[in-house]
Structure formats: structure tokens, C-alpha cells
Amino acid sequence: MARPLESPGAGCALHGALHCATAVPGVVPILHATAGCAVQAHLNGAAAGLGGPDRFGGLAAPACNVFEKQVVFGATARLREQIKNTVKIMDGGLHVVLTSCATEMIGDDVPAMAKEARDQGFAVLSIASAGFRGSAHDGYGLFLKGVLAQFAEPAGERDPLLVNLLGIVPRQDAFWEGDLAEWSRLLAGIGLRANPVFGPEGGIDGLRDLTRAGSSLVVSPRGVEVARALEQDFGVPWLDTGGLPVGAVASGSLLRDLAARLDLPVEPVEAFIAAETRREDHYLGRLADVYFRHGLQRSFALVAGSLHAAGLADFLTGTLGWLPRLVVVADGPPEASRAALQQHIAALTEGYGTRVLFSEDAGEIEAAIVAGGAEIVLGRALDRGAADALGVELVQVAFPVADRLVLDKGLSGVRGAVTLIEEIARAVLAAG
Amino acid sequence: MARRPGAVTRERRLQAVSAWLDKPDALAAEFAAGETTQRIRTFSQAAPDDLVAALDLLGRLKGVGIVVHGPRGCAAALVGAAPLAHWAVTGLDQRDTIMGSEGVVERAVLALVRRHEPWAVFVVTTPVVAINADDARDTVLSLTDELGIPVQLVRTDGFKSRVAATGFDAACQALLNLVPAVAEARQDDLVNVVARDAAAARASAALLEELGLKVNVLPAGADAEGFARAARARLSICVDPDATMVFAAALEAAHGVPVLRAGVPIGLAATRRWLDAVAAAAGQASAGILVAPPYQPAMTRGWKRAAASDKDGAAERALHGVRVHLALPADAVFAAAELVTELGGVVAGVTVGHIDSSHAEALDAFTRTHPGVTLHVAAGQPFELVNLLAKQCLDLFMGTPELAALAAAAGVPAVGLTPAALIGWRGAARLAERARAALTNPAFFRRLSAAPSPYAAGWLRRSADWHVKQEVR
């Protein structure tokens, strides 16, 4: 049932599925939608750090732009025509038809159109992704589960060192490319290979390899259903991290867990973790002067998605020695995941009287931040009003990010922790 | 009873065309004959709709509330736009599309009013509620009575019009209801600058200061006071008429504030003509202002000052012999073409998002001054643009930033400028500076164009309108 929301950051399920499709190099989306859906997605996705669209995204995304006559009489003929011409015009390897509210409401038989194209030898899938099915984060699961159901094949032999990275949503997690790159680097450091699927290192082969991986690393609740499907249908085991770790301590802990599960030799893993810790120690040492000169031990309010909320709270509290007043999980994670996430964050912030809130509503979040009275806000561009009301700095760490161009910066792992420190210092120094 | 908003589509009201690729004289002839033929695409890429346009305009009002009645994605564009308005979405889910969504509009409006105390609220409808016939009109009427502030219904549906600007019209009709009638006398030195784009309004206002006029900008950035002043103005000037002329015209019809239809101040001669027309209409000077002091020296100074960085005085020749493709909204593109010509350039082609009978006069003049130029009508549709650019032997592309990025990726040196950036003397100088930079060092364009094209080689060999056909009624 409808629940009004003030200024929610994320778009709808269709937008999430579209962002996923365009983030896989070689995949061409075909929006079976009224005009406007793709543009809304484009304008929303641009709020993930201002970067432009991918090769088949933004204004280039093929879209049926269904009009009145087709809404009344059905739009399957228009879709047939669009598919036929898309494969002639766009230079892609896999075409994914994404349905919308309008075309699902009028009852178009989209799977039949996709099958018709497949029968002609074209790689065309269809995914039910109407906006009313949920948020853009939900669209991530719809996309990957749809691909698994229609495109993936059982692997003859699995690669034990290949690890699927699941739960990072393109263009809805503002630092998605940097986080995928950082965890690809960290996994490589202990002798594994990441299958990021999305971003410049991803691709159609990455989609195929989902079933060939030795395991899946689930870094947010958004990856759980996909990991379950991979386990049930293809036997790929998975490890739930409860969020992306930030900093050497938490990242090292996860790398140890993973190595133990995969029976990796201990020595090189520990050597790598030690090197990462030395790296972080080096930068923390260089931070110290600024930390004390500018009074960088703060009480904080954190507003982030379920991907980052726990990891950031942990690093700020456990490494930087900050005082957590409020942690808001602002991406509306599935109900089933909330109790565990709440417990996880509560454990990380135990002893500080921290309030943990799940909300996507900007008004409710603003009220909570102001009531909490933190000395700095780490949140979204949408939280500017709350920070101003408190007269404190805002460090934009979650979607939407509007104060800088984000290309390959992440906020997790060791490099992400250093980025976070730099961003905090930038905000504090800019404020004088 | 509140006025019932709801716009007639641009296609019906102004014979708007959203797909065309040919010489412009044939289209000019269709407008002259009073009937245009609708053409449709058998392949298309992302395009804006009336909902996106309405939200774009309404989001620029200060202190109002917007409730988007639909699934959450229907308001998603507002996230990136950082609007001045407060906004919420009713967040319809799958069940609501079957069972209806009783009470949710009211709850959303009341929550927004409680938190932010907006001075007006717009309830904007979406494709889902249009298909469901989920009418919020009664709710809006009762909320207007209950809250004591204007609560306006803006009907957009995403599928009745192929021209997104239809959404501007829907929003403009609702905006008129925010203008109170005034009993006081008109303020002779007050001019409404009617603009969607605050930057366009600022640039225009800077020009008007030279005439000693006071400016009331709306709807961009306007609050309740700005709308309250609107009916007291001596006249209205519309600087982005594709978006806001319906509002200015309605203001004229309802409150007697005349609209000065003088085009847009883009280009050297056009800026002079525009100032001349404003001055005459505002009673600041007689016709002939073009040559009469004190304006002429001021204008000359304005251009010289604007082009001050141009040490060798070559700004007027910045585009000498350069073949340019322009891609701007139709209300600005023909003036921009004149500016390109003034700077010595050669217009090879123009792309507009749509074109309608309100542009017919400018189009007609353009066909006479620029015979043989290709006219391309497409909102978005980069595949057409890339195909077309590859066939034009261009030196420079000049258009909105998004399209400039596409042109650059296609290997054409590009300048990204909005119409607002071209306004007045400074706009002319800015174009000269940017064009010379782009032509002087094309390294970035070369690097971008080295990446693989998203389009099949076969497409680039075809005609750029291979997929466009006449609509069967």
C-alpha cells in the first residue's frame, strides 16, 4: 500500500534495473515504457556524483516511448519493432527488455516478444521491472535474478578462486565503481579474483561467470536474494558481510573470514593484511596533526545506505574515535534484513547511546538529525538543511552526492577509508 | 471552484512536430498551410515527457510544495535537480495500481504542509494514475478549502503528447492561479521577466538594468511575493517562451499585463532589437533607439567589455569560415544561428527538440537566410544526431551540454552552452571564447572519439531518418 515519502533519494525498480543493465559493458537495455521513464532514471542517476551516463545509458538508452494509442490498444507491436531495430542500430551483445508501470498495467506480453526475438537468433531477455515493484535498489535484484533465470547456464566446472561481488547497486550507491574496484584489489591481494559484473571491469562474461564462481561475497542486503538464487539453482555458496567494511581492521577481518572459508594459505593473507594496515597507519599518522589542530574528534550523525552504514559507523567510532549520535539507514532495505543490521550497528556503537533509524523520508531524517544535535553530519546532499540547521559541516557520503564529481573513488576498504578522511578534512577546512 | 488544469497537447494546439530531418522550407510550408504531418520513430531512445517538463518548471518555485502522485520513480528527476520547492511522492506500489490509492494524496499534502508550510502546493499526476483514472481533483479542491492555500492539480500523463513542452503548459496553467488580482495601479517601471531558467532571467535582467527598469522574475526562483507583484507590472517579457509563454499569455488574458513578443536577446543585432523593443514598450524611449544615444554607446561598450579578453579584437571573427551545427531549443536556435553568422560562421545544420507553429515565423525567416541548411527535430535521440554529424563535414558543434558531450564522442569539436549562456553581449563573447578554445585544442574530443561507438557501423551508413515514418491515423 502506498506510503508517501518526502524527497526519497532512490528512483524506482525500473531505474535500478536500467542502471544495472547499462553498467554491464555490452548490455543494451530496451525500455518498454512511456517517454520520460528513462530520462527520470538518467536525471536521478546523475545525482550519484554528477558523472555522465554509460555507453548505452542516459539519452542513448533505447526506449519504446509508448504513446496513447499503444496504451489503449497494447504496445507489443511497438516493442517488436523496437527490438528489431535495436539489434540493427546498437552495437551490443545482450539486449534486455525492461518493463514499466504502464506496459505492465496494460498487460503487454513482453516475455513472448523477447522469446520471438530469441527464436530469430538474437540475445534478448525480458525483465519485469515496473517502477511500482519497489525502489531502485530492488531493481538490482530484479535485474540479476532475471538474468540468472534466462541467461545463466550451469557451469561445467566452477572456479574456486572467482568471487562474485554482490550488493553494490550501480548509480544508487554513489561510490559503486570505486567500491567495486577496491574490493577487486583487496580480493586479488589474498589470491582471489573478483567478478564485479558491473563497471569497466565487468561485462557480459561477468554475467555468465556468476554461476562459475567459487563463492559470492554479499556486501549489502540487496545481494542476498541474488546469492540465494545462485546457491539454490547453481550451488554457489555465499558469505554475508553485513555491509562493506571500511578501514584496515574491518577489511582485514573480512579477508581472513573469506580466506578461512576458502582454505587459502594463511601466511600470504596475513602478509597482505599487514601491508594494508601499515598503509592505513601511515595515513592515520599523517592525519594526526590536522586531527588535533582542527578538533577532528566529533560527535556525528550518519545517513547512508545499508551498504555503507555499518562500515562507516564502525570506522568513525572504532578508528577515528568519534561519537555516534545517530545512524540512519536511508535506502529502505528489505524488512527481513533490518533486525540483523540494527543489531550489527548497535553492537558497533555500543556504549554511546546511539539512535539507529531506518527511514527514507527526508523530513523524518532531518528531524532526527536536528534532534540528535551532532557536531558533523555525514550524509547525502538531501541532508544539507539539517546540517545548516545545526550549523555544522555536511560531508556527502551517500546518494545523492552533489558537491563533487565521483568517478573511481570508493568509501570502503583501506583506500575508501583514506578517501573518507580526506573528504571530512576538506569539509572541515572549507568551513574554516 | 478552482480552475481545472490540464493542457491540450502541443500537437493539437500548435501543430507541434517531434520528428523531422530535411530542409526546413518543406516544414515551413506545412506550417504555412496550417497542418503538419505527424512523423513517428520505429526506433527511439530516451525522451523526456510532459511530467519531466512540469516537474522541471514547478521545482524552480521557491517555498512551494510538490506532491507527485505515482510510483516513486515518477519524482526521481527531482533528486538530481535540487529543486527550490519541497517535494514528496505518494509512492504507489503494485497493489495501488489494482486497488486504487485512496487517501494517499491527502496524507502526502498534509505531511508536506505540516513540515514546510508551503505557500502553494501542486499535485502532479503520472502515467499510472492516468491509466487508472485515479483522479485527485476532489481531494485537491477540499484541501484548498481546508488549508487556505492554493492546492493545484497539474495533469500530466506521460503518453498523450510526444512533446515534453506540453508539461510546461500544464504547469503554467496552474501557475496562473497563484497570481492574485490587484487593485493598485500598475508600476510603470516594473517588468515581469518570465523565465523557467533563473540564469536566463539574470542575464536578461542585467540587460534591462541599462534601461533603468525594475525586474520581477517569475516563475524561476519566485516566491509568493513575486507572484503577487506580477499583475502590477507594466508588461511581461518571456525569455524562454517554449517553457513559459503560456503563463505570460495567461497573465495577459487574466490580468491585462501585455506580453512583449520580441524574441530572445541572443546575438548582437537581436540583443539591440530586443532592448529597443523593450524600451519602446516600456515608454523609455522612442523607436529608433538603435542609433540614438545613450543606448548605442552602452551597447557598444557592452560588447567591447564582454569581449575584453579578446586582445587582438578578433571576437567578431571568432567563427570565420567555421561550419557549425547548432542544437538548442527552438525558441533560441534561430537567434543563435544569427549570432553564429554575425561571428563569421556558417550554419550547417540545426537540431531542436520540437518545433511548432509558434516558431513558424522564425523558421520562415531562417529558411530565407540559411537556404540549404538541414533541420533536425528530435528530443534526445543521439543516434540520429551522431549519424547526421558524421555526414556534415563540421568544424564545430554548439549545443546543450549533454548533446555537446555526445557530439564530442562522435569526434566533433564541441561547445556546451545553454540558451541562457548566450544571452546578451556577454553571451556573444562567451560563444566566441568557447568556440576558439574548442577549435584551438581538440585533444579532448579526439580522445573521447577514440572509444568505441555504441552504434553499429551499419547504422552510420544509413540515412539518419531511415526509421522515421508518417503516422497512420
Side-chain angles (χ1 to χ4, degrees), chain A residues 1-15 31 34-47 52 55-56 58-68 71 81-82 85-86 88-92 101-102 105-106 130-136 363 381-382 400 402, chain B residues 41-52 67 70-82 86-97 101 104 107-108 111-112 115 127-128 131-132 158-160 162 164 380-383 402 405-406 452-459 467:
Chain A
M1 190 174 161
R3 198 170 61 86
L5 285 171
E6 183 185 336
S7 307
C12 65
L14 172 60
H15 299 166
L31 267 79
T34 52
C37 289
V39 171
Q40 293 257 15
H42 169 49
L43 295 173
N44 182 267
R55 192 162 166 247
F56 297 121
L59 295 178
C64 290
N65 298 338
V66 166
F67 287 99
E68 188 169 25
V71 168
E81 181 181 69
Q82 178 78 5
N85 287 333
T86 300
K88 289 178 189 164
I89 291 173
M90 308 301 285
D91 187 20
C101 299
M105 287 173 75
I106 63 177
F132 56 60
R133 291 179 182 275
S135 77
L382 297 169
Chain B
R41 295 179 167 84
T42 60
F43 171 78
S44 52
Q45 291 172 311
D49 65 350
D50 57 351
L51 171 60
V52 169
V67 170
R72 60 188 297 157
C74 292
L78 289 168
V79 175
H86 306 288
W87 64 276
V89 60
T90 54
L92 302 185
D93 63 16
Q94 190 162 14
R95 180 186 176 281
D96 303 311
T97 67
S101 55
V104 70
R107 291 202 305 278
L112 208 57
R115 278 179 189 149
V128 165
I131 292 170
N132 260 358
F159 55 76
K160 288 201 178 106
R162 289 187 174 87
Q381 312 311 315
F383 75 111
E402 271 188 329
L406 293 165
S453 167
Y455 303 108
W459 161 244
H467 59 293

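Chain letters run A, B, ... following the sequence lines, proteins first and then strands; every chain starts at 1. Both backbone and side-chain heavy atoms feed into the values below; hydrogens, waters and symmetry mates do not.
With contacts defined as side-chain heavy-atom distances shorter than 4.5 Å, the pair B:R72/A:H15 does not qualify. Within the 4.5 Å cutoff, the side chain of A:P8 has heavy atoms near those of the B:V89 side chain.
The CZ atom of B:F43 lies 4.5 Å from the OG1 atom of A:T86; values are rounded to the nearest 0.5 Å. Note that the CD atom of A:Q82 and the NE2 atom of B:H467 stand 9.5 Å from one another [nearest 0.5 Å]. To the nearest 0.5 Å, atom CG of residue A:N85 and atom CZ of residue B:R41 are 12.5 Å apart. Separation of atoms CD1 (B:I131) and CD (A:E68) is listed at 10.5 Å; rounding is to 0.5 Å. Of the inter-residue distances, the one linking A:C101 atom SG with B:D93 atom CG reads 10.5 Å to the nearest 0.5 angstrom. In this structure, CE in A:M105 is found 5.0 Å from OG1 in B:T97, a value given to the nearest 0.5 Å.
Contacts between A:A13 and chain B at a heavy-atom distance below 4.5 Å are absent for every atom of the residue. Only the side chain of A:F56 comes within contact range of chain B, judged by heavy atoms closer than 4.5 Å. If you measure heavy-atom distances from B:T90 to chain A, the contacts under 4.5 Å come from the backbone alone. Proximity to chain B (any heavy atom under 4.5 Å) is shown, for A:A46, by neither the backbone nor the side chain. Of the atoms belonging to A:R133, it is side-chain heavy atoms, and not backbone ones, that fall under 4.5 Å from chain B. B:Y455 touches chain A through backbone and side chain together, each having a heavy atom under 4.5 Å away. With a threshold of 4.5 angstrom between heavy atoms, B:L92 approaches chain A through its backbone and through its side chain.
Nearest heavy-atom pair across B:F159 and A:F67 is O-CD2, 3.3 Å. Between A:K88 and B:A456, the shortest heavy-atom contact is O-CB, 3.3 Å. Scanning all heavy atoms of the two residues, the minimum distance from B:V104 to A:P4 falls at CG2-CG, 3.6 Å. What you find for A:G11 and B:A76 is that their closest heavy atoms are CA-CB, 4.0 Å. Here the closest heavy-atom approach between residue A:A35 and residue B:D49 is recorded as O-OD2, 3.0 Å. When every heavy atom of A:A47 is checked against every heavy atom of B:V79, the shortest pair comes out as CB-CG1, 4.1 Å.
Heavy-atom pairs under 4.5 Å with chain B were tallied for A:V66, A:N44, A:V39, A:I89; the largest tally goes to A:I89. When the candidates B:P48, B:A108, B:G380 are compared by the number of heavy-atom contacts under 4.5 Å with chain A, B:P48 comes out ahead. Ranked by heavy-atom pairs under 4.5 Å with chain A, the list B:P127, B:A75, B:G70, B:G458 is led by B:A75. When A:A63, A:G58, A:C12, A:A38 are compared by the number of non-hydrogen pairs under 4.5 Å with chain B, A:A63 comes out ahead. Ranked by heavy-atom pairs shorter than 4.5 Å toward chain B, the options A:L382, A:I106, A:V71 are led by A:V71. For the options A:G45, A:P400, A:S135, heavy-atom pairs under 4.5 Å to chain B are most numerous at A:S135. Residue with the most contacts toward chain A among B:G80, B:A457, B:P452: B:P452 (heavy-atom pairs, distance under 4.5 Å). Across A:L59, A:L31, A:L14, the residue that shares the most heavy-atom pairs under 4.5 angstrom with chain B is A:L59.
In B:R107, the CZ atom is crowded: over 12 heavy atoms of neighbouring residues, nucleotides or ligands sit closer than 6.0 Å.
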task = Output, in order, the C-alpha distance, side-chain angles, deciding distance and verdict of side chain to side chain contact (heavy atoms under 4.5 Å, CB included) for A:N65 and B:Q381.
result = CA-CA 11 Å; A:N65 298 338; B:Q381 312 311 315; 4.1 Å; yes
request  = Applying side chain to side chain contact (heavy atoms under 4.5 Å, CB included), run through B:L51 and A:Q40 and close with a yes or a no.
outcome  = CA-CA 9 Å; B:L51 171 60; A:Q40 293 257 15; 3.7 Å; yes
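Partners of A:A402 by side chain to side chain contact (heavy atoms under 4.5 Å, CB included), not counting sequence neighbours, listed by chain and number: A:A381, A:Q396.
Proximity of a side-chain donor or acceptor of A:E6 to a complementary backbone N or O of B:A88 within less than 3.5 Å is not detected.
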